[in-house]
Amino acid sequence: MQNRLLALMGEKQARENRPITSTEVARAVGMSRQAIHKWIHNDIGAYPSDTLDRLCEYFDCEVGDILYRVKDNIAS
């Protein structure tokens, strides 16, 4: 799984015509700035449902707007 957090931040920034920082997102959803940084760089292994719910509230979106599946290129 991968996430679109950085893209959602950019979309919100364009909609609201103002900067959206990782610090702002972190405060709004009750996460550390370091955790948001890991999300931005897709450097996390789990996507807790409570975190996804808070991000959906902040970005006014659905879970499917945040996460997407990346198929493995493993030969069977």
Side-chain angles (χ1 to χ4, degrees):
M1 288 290 214
Q2 296 286 308
N3 73 76
R4 297 185 60 250
L5 186 62
L6 186 59
L8 289 169
M9 289 171 65
E11 292 167 10
K12 185 174 179 77
Q13 182 169 300
R15 269 193 322 272
E16 297 183 5
N17 197 29
R18 66 180 186 88
I20 302 295
T21 65
S22 57
T23 301
E24 176 184 335
V25 176
R27 285 185 184 142
V29 300
M31 295 172 66
S32 69
R33 203 174 104 265
Q34 293 83 3
I36 291 295
H37 180 79
K38 286 182 177 185
W39 274 71
I40 288 171
H41 294 283
N42 280 293
D43 190 26
I44 60 173
Y47 296 92
S49 60
D50 60 325
T51 301
L52 288 168
D53 188 50
R54 291 191 308 265
L55 288 168
C56 286
E57 284 291 322
Y58 178 75
F59 288 108
D60 190 27
C61 69
E62 298 297 324
V63 173
D65 298 321
I66 298 174
L67 298 179
Y68 64 96
R69 182 172 175 258
V70 177
K71 293 183 180 183
D72 290 332
N73 289 328
I74 300 172
S76 309

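Everything numeric in this text was worked out from a predicted model, so none of it was measured. Hydrogens, waters and symmetry mates play no part in the numbers below; they use all other heavy atoms, side chains included.
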Which donor-acceptor pairs under 3.5 Å do the side chains of residues 25-33 make with protein atoms, sequence neighbours left out?
unit_1: Ser32; atom_1: OG; unit_2: Ala35; atom_2: N; d: 2.9

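- Across Lys12, Arg15, Glu11, a single residue satisfies side chain to side chain contact (heavy atoms under 4.5 Å, CB included) together with Ile20, and that is Lys12.
- Listed by first and then second residue, the salt bridge (Lys or Arg N to Asp or Glu O under 4.0 Å) pairs that reach into residues 51-69 are Asp50-Arg54, sequence neighbours excluded.
- For the atom pair CG of Leu55 and CG of Leu8, the computed distance is 8.5 Å after rounding to the nearest 0.5 Å.
- Closest approach of Ile66 and Cys56 over heavy atoms only: CD1-SG, 3.8 Å.
- Here Met1 contributes atom CE and Ile44 contributes atom CD1; the two are 11.0 Å apart, rounded to the nearest 0.5 Å.
- For Asn42, the side chain to side chain donor-acceptor pair (under 3.5 Å) partners two or more places apart in sequence, or in a different chain, are Gln2, Asn3.
- Contacts of Arg18 classified as side chain to side chain donor-acceptor pair (under 3.5 Å), with partners at least two apart in sequence or in another chain: Glu16, Glu24.
- No more than 12 heavy atoms of other residues, nucleotides or ligands sit less than 6.0 Å from atom NE2 of His37.
- Tyr47 meets the ring pair (Phe, Tyr, Trp, His ring centres under 6.0 Å) test with Trp39; sequence neighbours excluded.
- In this structure, Asn17 has no side chain to side chain donor-acceptor pair (under 3.5 Å) partners at least two apart in sequence or on a different chain.
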